[in-house]
Amino acid sequence: MKDCNCIFCKIANGEIPSSTVYEDEDFRVILDLGPAAKGHALILPKEHFKDVTELDPKIAAKVGTAMKKSLGCAGFNLVQNNGEAAGQTVFHFHVHVIPRYEGGPVIAGWEPGKEDPEVLAETAEKIKDAL
Ligand code: 5GP
Ligand code: ZN
């Protein structure tokens, strides 16, 4: 279940070296080459195309807790991009674990908008109908 052209398959399976902070039978956790903050990590499943339902949330909690202990960050964000429009650039499922430091830059945020309660209700109906 590997894709020979996929960089994350090669990294996850140890064919390309990486700064690994955790590894088990199913996952490798590496440091991002272009970190949003010091210690920014990526959780990579070893199998290509495994999706969010395959992620063991304990790994994310474990890595985030270790970052707080070892790097002194005050918290962390879990970020997972799905599709180009959402900012995904490597199409092998992965979860970002981004340490957040007191007084650090805003990394993942948005300006809260305003919405009419009727439009909220309509939108909720549309999503519910598609579930
Ligand atoms: P995405 O935008 O798909 O959610 O995230 C892809 C992430 O992978 C980016 O943050 C990028 O810096 C990181 N990345 C891309 N190629 C490599 C690589 O070869 N090694 C490592 N360690 N990170 C990479
Ligand atoms: Zn892959």
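Atoms within a ligand are numbered from 1 in the order they appear, just like the ligands themselves.
- Under a 4.0 Å N-O distance rule, the pair Lys46/Glu23 qualifies as a salt bridge.
- The nearest protein atom to atom 1 (P) of ligand 1, hydrogens excluded, is given as His94 NE2, 3.2 Å; this is a heavy-atom distance.
- Separating the OG atom in Ser18 from the CG atom in Asp32 is a distance of 11.5 Å, to the nearest 0.5 Å.
- Taking CD from Glu84 and CZ from Phe91, the interatomic distance works out to 5.0 Å, rounded to the nearest 0.5 Å.
- Of all the N, O or S atoms in His92, the one closest to the Zn ion (ligand 2) is ND1.
- No path of Ile, Leu, Val, Met, Phe, Trp and Tyr side chains, each step under 4.5 Å between heavy atoms, connects Leu31 with Ile11, placing them in separate hydrophobic clusters.
- Remark: Leu71 CG to Arg100 CZ distance equals 14.0 Å, nearest 0.5 Å.
- In terms of N/O distances under 3.5 Å, ligand 1 is approached by Val90.
- Atom 22 (N) of ligand 1 has its closest protein heavy atom at Leu31 O, 2.9 Å.
- Below 4.0 Å from some heavy atom of His96 lie the following atoms of ligand 1, by number and element: 1 (P), 4 (O), 5 (O), 7 (C), 10 (O).
- Looking at atom 18 (C) of ligand 1, its nearest protein heavy atom turns out to be Leu33 CD1, 3.5 Å.
- Inclusion of Asn81 in the set of residues having an N or O under 3.5 Å from an N or O of ligand 1 is warranted.
- For the side chain to side chain contact (heavy atoms under 4.5 Å, CB included) with Val29, the qualifying choice from Leu42, Leu44, Ile59, Thr20 is Ile59, the only one to do so.
- Protein heavy atom at the shortest distance from atom 8 (O) of ligand 1 is Phe8 CZ, 3.4 Å.
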Discussion item. Please determine whether side-chain contact (heavy atoms from CB on, under 4.5 Å) holds for the pair Glu125 and Glu122, giving the CA-CA distance in whole Å, both sets of side-chain angles, and the decisive distance to 0.1 Å.
Written reply: CA-CA 5 Å; Glu125 282 308 314; Glu122 263 172 39; 5.8 Å; no
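- Val97 and Met67 get closest at one heavy-atom pair: O-CE, 3.4 Å.
- The closest approach between Gly87 and ligand 1 falls below 4.0 Å for a heavy atom of the residue.
- Ranking protein heavy atoms by distance to atom 3 (O) of ligand 1, first place goes to Thr89 N, 2.7 Å.
- For atom 7 (C) of ligand 1, the nearest non-hydrogen atom of the protein is Asp32 OD2, 3.5 Å.
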Item to complete: Tell me, with the steps shown, if His48 and Phe8 meet side-chain contact (heavy atoms from CB on, under 4.5 Å).
Response: CA-CA 8 Å; His48 191 78; Phe8 279 4; over 6 Å; no
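- Geometry at the Zn ion (ligand 2): SG/Cys9 and SG/Cys6 form an angle of 120°, nearest 10 degrees.
- Taking the N/O/S atoms of His48 in turn, the shortest distance to the Zn ion (ligand 2) belongs to ND1.
- Residue Ile11 approaches ligand 1 through these ligand atoms, each under 4.0 Å from one of its heavy atoms: 18 (C), 19 (O), 20 (N).
- Applying the 6.0 Å contact sphere to CD of Glu118 captures no more than 12 heavy atoms from other residues, nucleotides or ligands.
- On a distance-only criterion, Leu42 and ligand 1 share no N/O pair closer than 3.5 Å.
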